[in-house]
Structure formats: structure tokens, C-alpha cells
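Here's the structure we're looking at; comments come further down.
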Amino acid sequence: MSEKELLKALEQDAKREYAGIIEEAEKEADAVLKTAVEEADGLRQKEFEKARISVELQKLETLANVRLYAKELTLKERQFAISKVFDAAYNRLQGLRHNKDYPDILKRFFKEAADKWLIHMRDAKAAVLASKKDIAILSDLNNDYGFELIPNPIENMPTGVVIMSKDKKYKMANTLDLRLEKAKAELVSMIDKMLFGEIPKS
């Protein structure tokens, strides 16, 4: 083989070897690239999942805050409505003394309290505390009971009577204010049903 042919053969071998190296390098580069893409996809998926969870948590927190605000607002409106109703009821009770039926109402309150007193406290000497203006109304009715009638020094005494033992150890009150307070739970329930259709949970 001549020198020229030898050089040509060496050149061809070098080209084949170079081509093999290039091909192998390309394969390795493709593998590295594929791994990098897969890793990047995995990272993107993890980041996306983290972002999704974060958004869900923020959504749940926002909904919880909205529900809490709505509940607080409902309870405030409920308290306001109940307060208005009781203020109106109290104002009407304050004006009851000017009603033409007031003497009959007062006598009924007195009789209820007096009868109850005689059942539970028969042996205790008692006095009836009532408004100065109400004493005259009760005088005739009291003849059947024999209680001592004492004008209450408090000018704005609630409508009704208070019976107490002479030693002041025992007391029985029957006033419109107390009746309103006792009826409060039932009235609140009625107001809730009228305003909200149900009783709000506290």
C-alpha cells in the first residue's frame, strides 16, 4: 500500500471514529436532556401541586371568614331586633298605668300573688309593697286578705305588687317587668322564627 493510500485509509478510519464519538455524544446528550426534562416536569408538577394546595387552603380560609362574618352579622341583627321589640314592650308597659283597664290588671296581679302567698306562706305575717297611686286601688280587695299595704317610696316602681314578710326574709313579686323577663325566652324564640325562620345557633 502506497503512502497516499495509507493516509487515505487512516483518514477514513479517523472519520468513522469521529462519527462514532459524535453519535455517542449525541445519545448521551439526548439522555441527559430527557432526564432534565423529566426532572423539570416533576418539579413543575410538585410546584403546581403546592400552588394548588395553597390556593385551596386560602379558599377554605376565605369561606370560613365569610361564614363567620355572616354569622356575626346575623347575630348582631338578631340582638338589635330583639332589643327593639323589648324596648317597645317595656315602653308600652310603662304607659299601662294610663290605660282604663289598669285597675283590673293591678287587682289580678295582687290576687295572684296573694293567693300564692297564702298557699306557701300562710303563717307568715305579710305586707304588700305597691306604688303610692296603686294603694287606693288595692284597698278594697285587700279586705279579703288583711295584708298591710305599704306605699313604695320608689316613684318608678314597676307595675304590680311585691308581698314580703314583716321580717323581710321572704319576698314574692308579681310585676309586669318580671313577667316580661320570664317570657323573654319564649318571645326571643318567636322573634327568631319571624325574622329568620329558625333559631340561630350561638
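Note that this is a predicted model, so its numbers are computed, not measured.
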Verdict with reasoning, Phe109 to Leu176, per side chain to side chain contact (heavy atoms under 4.5 Å, CB included): CA-CA 9 Å; Phe109 274 46; Leu176 281 173; 3.3 Å; yes
State the [atom1]-[atom2] distance between [X] and [Y], to the nearest 0.5 angstrom.
X      : Y      : atom1 : atom2 : answer
Phe147 : Leu118 : CZ    : CG    : 4.5 Å
Ile163 : Lys171 : CD1   : NZ    : 12.5 Å
Ile135 : Ile150 : CD1   : CD1   : 8.0 Å
Leu129 : Leu149 : CG    : CG    : 10.0 Å
Leu106 : Leu138 : CG    : CG    : 4.5 Å
Arg67  : Glu72  : CZ    : CD    : 14.5 Å

Do the side-chain N and O atoms of Asp177 and Thr175 include a donor-acceptor pair separated by under 3.5 angstrom?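 Asp177 vs Thr175: no donor-acceptor pair found between side chains.
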Does Lys111 come within less than 4.0 Å of Asp115, counting only side-chain N to carboxylate O?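 Yes, this pair counts.
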How far apart are the C-alpha atoms of Ile137 and Phe110, what are their side-chain angles, what is the distance that settles it, and do they pass the side chain to side chain contact (heavy atoms under 4.5 Å, CB included) test? CA-CA 10 Å; Ile137 299 172; Phe110 172 81; over 6 Å; no
Is any side-chain heavy atom of Met172 closer than 4.5 Å to a side-chain heavy atom of Met164?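 Not touching, per the 4.5 Å side-chain cut-off.
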Looking at every non-hydrogen atom in both residues, tell me the closest pair between [X] and [Y] and how far apart they are.
X      : Y      : answer
Val161 : Ala113 : CG2-CB, 4.1 Å
Lys132 : Asn152 : CG-O, 4.1 Å
Asp167 : Ser165 : OD1-OG, 2.5 Å

What do you reckon, is NZ of Lys166 surrounded by more than 12 foreign heavy atoms closer than 6.0 Å?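 Yes, the 6.0 Å shell around NZ holds more than 12 heavy atoms from other groups.
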I'd like to know whether Met121 forms a side chain to side chain contact (heavy atoms under 4.5 Å, CB included) with Tyr170, so could you lay out the CA-CA distance, the side-chain angles of the two residues, the decisive distance to 0.1 Å, and finally the verdict. CA-CA 9 Å; Met121 305 291 294; Tyr170 306 101; 3.4 Å; yes
